[in-house]
Q: 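Got a structure here, written out as structure tokens. Questions coming.
From a predicted model like this one, the values you see are computed outputs, not experimental measurements.
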Amino acid sequence: MEADNQIHLTLTYVKSSNLPTIKKTSKLRPRIRSLYSVLLIDGSGEVQEHKLDLSDNKSEGAPLSFMLKTSESLQVKLYAEGSKNDILLAEVTTGLHSFVGGSKIELSLIPVNPNDTQKPVLTFTVAAFDRFNTIASDVALIADSLEIDTINKPFKHVKRLVQVATAVAEEFDIFIKHNECILQLIDEIERASMLVADWDDVAFDGYRPNQGKVVQYLIPVLYRCLYFVWALSKSNLGKRLSDDSIKDISTHCNQLVGLIDRLKSNQDLDTQAAVFEISRKVADLHNDNVINKLPASKDAGPGSSKACLPGTRVALLSRIHDWALDPTSQQLLLLHGAAGKGKSAIAHSISKQLQSEGLVAVPFFAFNRSVQACSASQLFPTWAKYLAERSPKYLEYLHSLNSLQLETPDIVDQQDSLLSKGLASLENGQPVVFIIDALDECPYEQQVQLLDLLCGLLLLPGLPPFARFFITYRTDQAIAQKFNGFSPLDLDINNEEATVDDICKFVKFRLQGISEIAHLVNDVTQAAETLFQCAAVICHELTHIKRLTSDCHQFIQKIKATPGMSLYRTYKAILEMHFTETTVELFHQVMTWVFLVQSPQPWNVFEAFAKVLYSKEEQLNVKEILSHLGSLLSGTGPQDTMPISPLHTSLRDFLLTPAESGQFFVDLDTEFQKQIAFACLRIMNDPDDGLCFNICKLPAFALNSEVEDLHNKVEEHISLGLQYACVAIGYHLRHSRQESGISALHNLHSVNRVKPALDLEKELMCFMHKGFLYWLEAHSCMRTKENAPGTILPHLYEWAQASRVIEHYGPSYQLPVSIIDGAEIMWPALEPLVIQTLSSIMTVTFSPDGTKIVSGSADKTVRVWDTATGQQLGEALEGHENL
């Protein structure tokens, strides 16, 4: 309990025991002296004193009320009445802690005469209340002292206030007739109680923080006032109040009035705050809606895990950092060199460093040949998304664009609307460094157009002077010549000094703490030959694969002795160590899937492919194959849920080049696209784990928007393999129709084994017959956007036209619906056409020009109807024997 905190204390006398018997001398007859007790508080304020007559139980049930501070004590004295002076028999002084929180107390008094061994005991019931820091428990004590029951209802404060006020009113009628000054306090109590009643709904507590701050004080004060009135009425019935009591009443009134006024003003504050919060959320939703329309890449941003090791590349990073902040420097910086030199790590490091300093906006985009979805059409939207999230003025500019301008996949239109016109809206003076990592990995047909657009940006008259462009790429003459006319700051990473020393630092860091291989630092550094990526691959292989020290040394020596580029030599040495002639075919299969999936996927998806493509006897263990490739691929750990993709794009180049990879060459023939399309269809058609009615076990007749844990239900009931099959089937069907590339003879029999061309048609027809509607339902549950059914159906239709599927279904649809010309952007409101007949219609068809409907009825008549009016044209045609 806090020091000097004012409390109310009421003691109700119950009984006494061990009271002494004091005889009184009398000429007539012996008599016993009357006993009484005095309870007083003599603190820093006025003396509060109550006299308790202990003769014949006269004072039993009498309440004694005090107002005191926690630092004060209560003195209890026992007297015997004398003819001249009363005699003090016993006394005790006790602190407040003896009373607060209790319901009954026995006070044992200490005799004044040391020869008296028997201690008198006075018993009281207690009601002691501090500042009501814990409202529920204190109110229970008030209720007990007023002899009322606690009612546990939702509106807890109101119910308790009603109880307390009712108990007070029962004893108050006489008291109030003599003390009209207390009427004002009663009025204020009524006002405060009504406000609490209006406020007391816990469902809205979170929306009224300012009112809640006042109410947490108002409710205890309200209880205290009611208790104060009750205490006065019990001890002062029929009497007029003293000046001190009137002063106390005035204090309570002022407290209530002040809190009531503050509560009302805080209601306005909460209303204002709610309006502001709603406005903010609406603005956030509006902003998110605009930003989410941009076809930006999700996987092209910078990451600390991809940055340089601290303490390496110090000079080069410092030079690029100074260029970014120098207002007089060139607007274009080109960093180029051989694969594996660490160009991407430098780009990630610069991006993270400039962002952490908060001085520069750094829109970042990294191309990656291993990610099918990472294309040139995502570059400008990704930059725009970054700027919109950090520049209010640029975001305001995006709001001025329409949906077509925001969502367009055309990079020419993107450059014009998002950058050429949008950059002028950026805040003046703040540097912006646009970063493109691995520009050489942009597909060639896209790269030519993209280079022209980037040059157009650099020539833009309105290009802010504080804009900078930082581009990394493998040495490429076409890219260099394209930018040569802009006098860029050209940095060749192949010529950077201290590269070997930095690689040595990196290797020491990676091998530290492993005593068996720590001595191989120099050997690894030499084998890497100035390639950071090569050093990273070797270190990962040494630290994650358990083998003898002699085997590690032999592995490094093999890399050093093999001719060719060190990175490719390392890849080949690792693969030869893990795969034999009998297992290399399984390696080919898994890597084909890794390279051909629409976007990088976790191992569960490839395991689903293996389950439907391979028999139990063949047993393609995807996880086992991937466990040997941890130094080459991400997401291969036993507990990994990350998508699997090459750690460096040079792995893809190596495996797709027969002259370099030899027996490990991976063929990406379109037959393998058919194989994956077949796997997707078979996964969806699987009778046990495939598509089915109400696959997510949703409540009947509930909208998806009404299911709070829909995402969790999708994860529980739709496997990752089935999710991928649903969204990627169109992608693989489309790519399976492209011209075949180079085919490796040693891979052909693995394709023929599953017969993808023949089985694919059967699986597609099975899907259309049984699973199509369930497929739409699964998409609805997964809330797909980029790969929704509307984007997939055209690929299904195109593929069906070039297969036996059209032969099967074609005769049933002689005149398929198509829009030849004049399609309206806004479709007119649906107007139902009602045709009324006396007999059931068995069949209908439209005329070729769409102006008439012909129907055949159960009464063997044929009728012609006007499609505009629904009226019958002419008489019914009769005489038909069968329809």
Side-chain angles (χ1 to χ4, degrees), residues 287-303 306 344 347-348 351 355 361-391 394-395 397-398 401-423 432-457 467 469-473 479 595-601 643 645-646 649 652 727-728 730-731 734-735 784-788 790-792:
N287 293 338
D288 290 342
N289 182 51
V290 169
I291 293 175
N292 290 336
K293 286 182 179 180
L294 296 168
S297 172
K298 298 178 181 178
D299 307 309
K306 301 176 183 178
S344 293
H348 284 270
S351 177
Q355 286 183 22
V362 193
F364 185 100
F365 188 88
F367 283 101
N368 187 342
R369 272 197 295 267
S370 300
V371 180
Q372 301 284 348
C374 189
S375 65
S377 63
Q378 295 173 309
L379 170 62
F380 297 136
T382 302
W383 280 355
K385 181 179 179 181
Y386 179 93
L387 291 174
E389 291 172 343
R390 289 158 179 81
S391 172
Y394 185 78
L395 178 59
Y397 166 76
L398 290 185
L401 304 180
N402 58 44
S403 295
L404 294 177
Q405 291 172 306
L406 292 169
E407 297 173 348
T408 177
D410 187 282
I411 60 174
V412 176
D413 294 336
Q414 290 173 352
Q415 190 252 26
D416 178 60
S417 59
L418 299 180
L419 292 180
S420 295
K421 298 175 180 177
L423 290 180
V432 181
V433 179
F434 295 94
I435 297 180
I436 301 178
D437 181 39
L439 177 59
D440 58 288
E441 295 190 28
C442 176
Y444 179 75
E445 62 276 8
Q446 301 176 20
Q447 186 185 113
V448 174
Q449 187 178 30
L450 180 59
L451 288 173
D452 290 336
L453 293 174
L454 291 173
C455 291
L457 273 179
F469 293 86
F470 174 28
I471 300 174
T472 74
Y473 61 96
I479 295 177
F595 287 147
L596 290 182
V597 287
Q598 184 175 11
S599 60
Q601 298 296 318
S645 62
T649 54
R652 180 186 177 92
V727 301
Y731 172 85
R734 176 164 59 90
H735 284 80
T784 50
K785 294 181 180 179
E786 294 88 352
N787 297 298
T791 64
I792 298 174

Q: Enumerate donor-acceptor pairs with a distance under 3.5 Å from any side-chain N or O in residues 444-451 to protein atoms, sequence neighbours excluded.
A:
from : atom 1 : to   : atom 2 : distance (Å)
Q446 : OE1    : A376 : N      : 2.8
Q447 : NE2    : C442 : O      : 3.3

Q: Could you pull out the closest heavy-atom pair between Y731 and V597, with the gap in Å?
A: CE2-C, 4.4 Å
Q: Closest heavy-atom contact between P646 and F595?
A: CG-CE2, 3.8 Å
Q: Step by step, would you call I291 with L395 a side chain to side chain contact (heavy atoms under 4.5 Å, CB included)?
A: CA-CA 8 Å; I291 293 175; L395 178 59; 4.1 Å; yes
Q: Could you grab the distance from atom CG of L294 to atom OG1 of T382, nearest 0.5 Å is fine?
A: 8.5 Å
Q: Taking the side chain from Q414 and the backbone from S377, do they hold a donor-acceptor pair closer than 3.5 Å?
A: yes
Q: What is the distance from atom CG of L419 to atom CG of L454, rounded to the nearest 0.5 Å?
A: 9.5 Å
Q: Look up atom CZ in F367 and atom CG in D440, then write down how far apart they are to the nearest 0.5 Å.
A: 10.0 Å
Q: With the side chain counted from C-beta on, respond yes when P409 and P295 share a heavy-atom pair under 4.5 Å apart, and no when they do not.
A: no
Q: List the atom of D437, the atom of S344, and the distance in Å for their closest heavy-atom pair.
A: OD2-OG, 2.8 Å
Q: I'd like to check L401 versus L418 (side-chain heavy atoms, cut-off strictly below 4.5 Å). Are they in contact?
A: yes
Q: Tell me, please, which residues at least two apart from D413 pass salt bridge (Lys or Arg N to Asp or Glu O under 4.0 Å).
A: none
Q: Measure the acute angle between the ring planes of Y394 and Y397, then classify it against the limits of 30° and 60° as parallel, tilted or perpendicular.
A: tilted
Q: So do the side chains of W383 and F380 get within less than 4.5 Å of each other, counting heavy atoms only?
A: yes
Q: Considering non-hydrogen atoms only, spot the tightest contact between F365 and S297 and give its length.
A: CE1-CB, 3.8 Å
Q: Given the rule in the side chain to side chain contact (heavy atoms under 4.5 Å, CB included) test, do S403 and K293 qualify, once you have shown the distances and angles that lead to the verdict?
A: CA-CA 7 Å; S403 295; K293 286 182 179 180; 2.7 Å; yes
Q: Are E441 and T649 linked by a side-chain donor-acceptor pair shorter than 3.5 Å?
A: yes
Q: Kindly say whether S375 contributes a backbone atom to a donor-acceptor pair with the side chain of Q378 at under 3.5 angstrom?
A: yes
Q: Sub-3.5 Å donor-acceptor pair from the side chain of Q415 to the main-chain atoms of S420, do we have one?
A: no
Q: Ignoring hydrogens, what is the shortest heavy-atom contact between V290 and L406? Give both atom names and the distance.
A: CG1-CD1, 4.0 Å
Q: Can any side-chain N or O of T408 pair as donor or acceptor with the backbone N or O of Q405 at less than 3.5 Å?
A: no
Q: CD/Q598 to CG/N787 distance, rounded to the nearest 0.5 angstrom?
A: 4.5 Å
Q: What distance do L379 atom CG and I436 atom CD1 have between them, rounded to the nearest 0.5 Å?
A: 4.5 Å
Q: Can you list the steps and then say if I435 with V362 is a side chain to side chain contact (heavy atoms under 4.5 Å, CB included)?
A: CA-CA 7 Å; I435 297 180; V362 193; 3.4 Å; yes
Q: Looking at CG of N287 and CG of N292, how far apart are the two atoms once the value is rounded to the nearest 0.5 Å?
A: 10.5 Å
Q: If you apply the rule side chain to side chain contact (heavy atoms under 4.5 Å, CB included), what do you find for F434 with L387, and how did you get there?
A: CA-CA 10 Å; F434 295 94; L387 291 174; 4.0 Å; yes
Q: Can you say whether the rings of F364 and H348 are parallel (under 30°), tilted (30 to 60°) or perpendicular (over 60°)?
A: tilted
Q: Counting distance only, does the side-chain N/O of T472 pair as donor-acceptor with the main-chain N or O of A438 below 3.5 Å?
A: yes
